[in-house]
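Here's the structure we're looking at; comments come further down.
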Amino acid sequence: MTDYSEEQRNELEALESIYPDSFTVLSEKPTTFTITVTSEAGENDETVQTTLKFTYREKYPDETPLYEIVSQENLDDNDVTDIIKLLEQQAEENLGMVMIFTLVSTVQEKLNEIVDQIKTRREEEKKQKEREAEEEEKQRFHGTPVTIENFLNWKAKFDAELLEIKRKKMKEEEQAGKNKLSGKQLFEMDHNLDTSDIQFLEE
């Protein structure tokens, strides 16, 4: 007959020595503990992390342990869902054997994959932005293609503007013409003018 509690005790000891910094026992009955799993550092030293909580069932390892994700960093909802599915699959495949190390290792691999995907995702986003910027630039330099129709529209506008400018100029010239004083008006306004001629003659 299998001694479940001894198998569980042995596995706990092994886990404690494998994960000294990230292994925490939460309770003895039932045996509940957490292991924090961190990915390897990515390109810009970013990491993704998750804390897994395991609880032994009475007949573990002939029964799967209970597991859940109690915290996570830099993971989106899809990643969390993927990790849960992965744990389910691995737990079923390893039924009958102590499996916590296998489960944690699988999650570790998955986190490393996610970090690589973040890098790829960033590169994709960067490329996408560059493509959009190029498109905008092309549009700016490309302008509107000239057709007979839009050329005629432009010409009509241009001619109208030109006509308006000519009209304004003519009006201004008319105004200036009206404001020009005759010789008599100049004499009437400035009495020095009638003596200036006499002085000129005397000299």
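FYI, side chains are in, hydrogens and waters are out, and symmetry mates aren't considered; it's all heavy atoms of this structure. Computed from a prediction, not measured in an experiment: that's the story for all the values here.
For the pair T32 (side chain) and S27 (backbone), a donor-acceptor distance under 3.5 Å is absent. Side chain of N94 to main chain of M97: no donor-acceptor pair is present (N/O by atom type, distance under 3.5 Å, no hydrogens or angles). Side-chain atoms of E7 never come within 3.5 Å of backbone atoms of V98 as a donor-acceptor pair (strictly under, hydrogens ignored).
Side-chain atoms of V115 and E40, non-hydrogen and from C-beta on, never get closer than 4.5 Å to each other. Annotation: side chain of L52 is not in contact with side chain of L103 (no heavy-atom distance under 4.5 Å). Side-chain atoms of K168 and I165, non-hydrogen and from C-beta on, never get closer than 4.5 Å to each other. Using a 4.5 Å heavy-atom threshold, the side chains of V37 and L111 count as touching. In this structure the side chain of M99 reaches within 4.5 angstrom of the side chain of P65, judged on heavy atoms. Considering only heavy atoms from C-beta on, I83 comes within 4.5 Å of L75 through its side chain. Side-chain contact between T31 and L12 is present, with at least one heavy-atom pair separated by less than 4.5 Å.
Few gaps surround CD on E130; more than 12 heavy atoms of other groups in view lie less than 6.0 Å from it. More than 12 non-hydrogen atoms from other residues, nucleotides or ligands lie less than 6.0 angstrom from CG of L163.
Residues meeting the side-chain hydrogen bond (donor to acceptor under 3.5 Å, both in side chains) test with T102, sequence neighbours left out: none. The side-chain hydrogen bond (donor to acceptor under 3.5 Å, both in side chains) check on K157 picks up nothing, with sequence neighbours excluded. With sequence neighbours excluded, no residue forms a salt bridge (charged side-chain N to carboxylate O under 4.0 Å, His left out) with E16. Shown here are the salt bridge (charged side-chain N to carboxylate O under 4.0 Å, His left out) partners of R167, two or more places apart in sequence or in another chain: E164. Among residues two or more places apart in sequence or in another chain, the salt bridge (charged side-chain N to carboxylate O under 4.0 Å, His left out) test is passed with K155 by D159. For F33, the ring pair (Phe, Tyr, Trp, His ring centres under 6.0 Å) criterion is met by F23, F54, Y56, not counting sequence neighbours. Among residues two or more places apart in sequence or in another chain, the side-chain hydrogen bond (donor to acceptor under 3.5 Å, both in side chains) test is passed with T147 by N150. In terms of the side-chain hydrogen bond (donor to acceptor under 3.5 Å, both in side chains) criterion, residue partners of T38 (sequence neighbours excluded) are, by chain and number, Q49. Checked against salt bridge (charged side-chain N to carboxylate O under 4.0 Å, His left out), E132 has no partners two or more places apart in sequence or in another chain.
Within the structure, side chain to side chain donor-acceptor pair (under 3.5 Å) pairs that include any residue of residues 67-77 comprise T51-S71 (at least two apart or interchain). Residues in residues 78-87 take part in no side chain to side chain donor-acceptor pair (under 3.5 Å) pair, two or more places apart or across chains. Under the ring pair (Phe, Tyr, Trp, His ring centres under 6.0 Å) criterion, no residue pair touches residues 98-126, with sequence neighbours excluded.
Looking at every heavy atom in both residues, Y60 comes nearest to Q8 through O-NE2, 3.1 Å. Heavy atoms only, all atoms of each residue included: S39 and T47 are closest at OG-CA, 3.5 Å.
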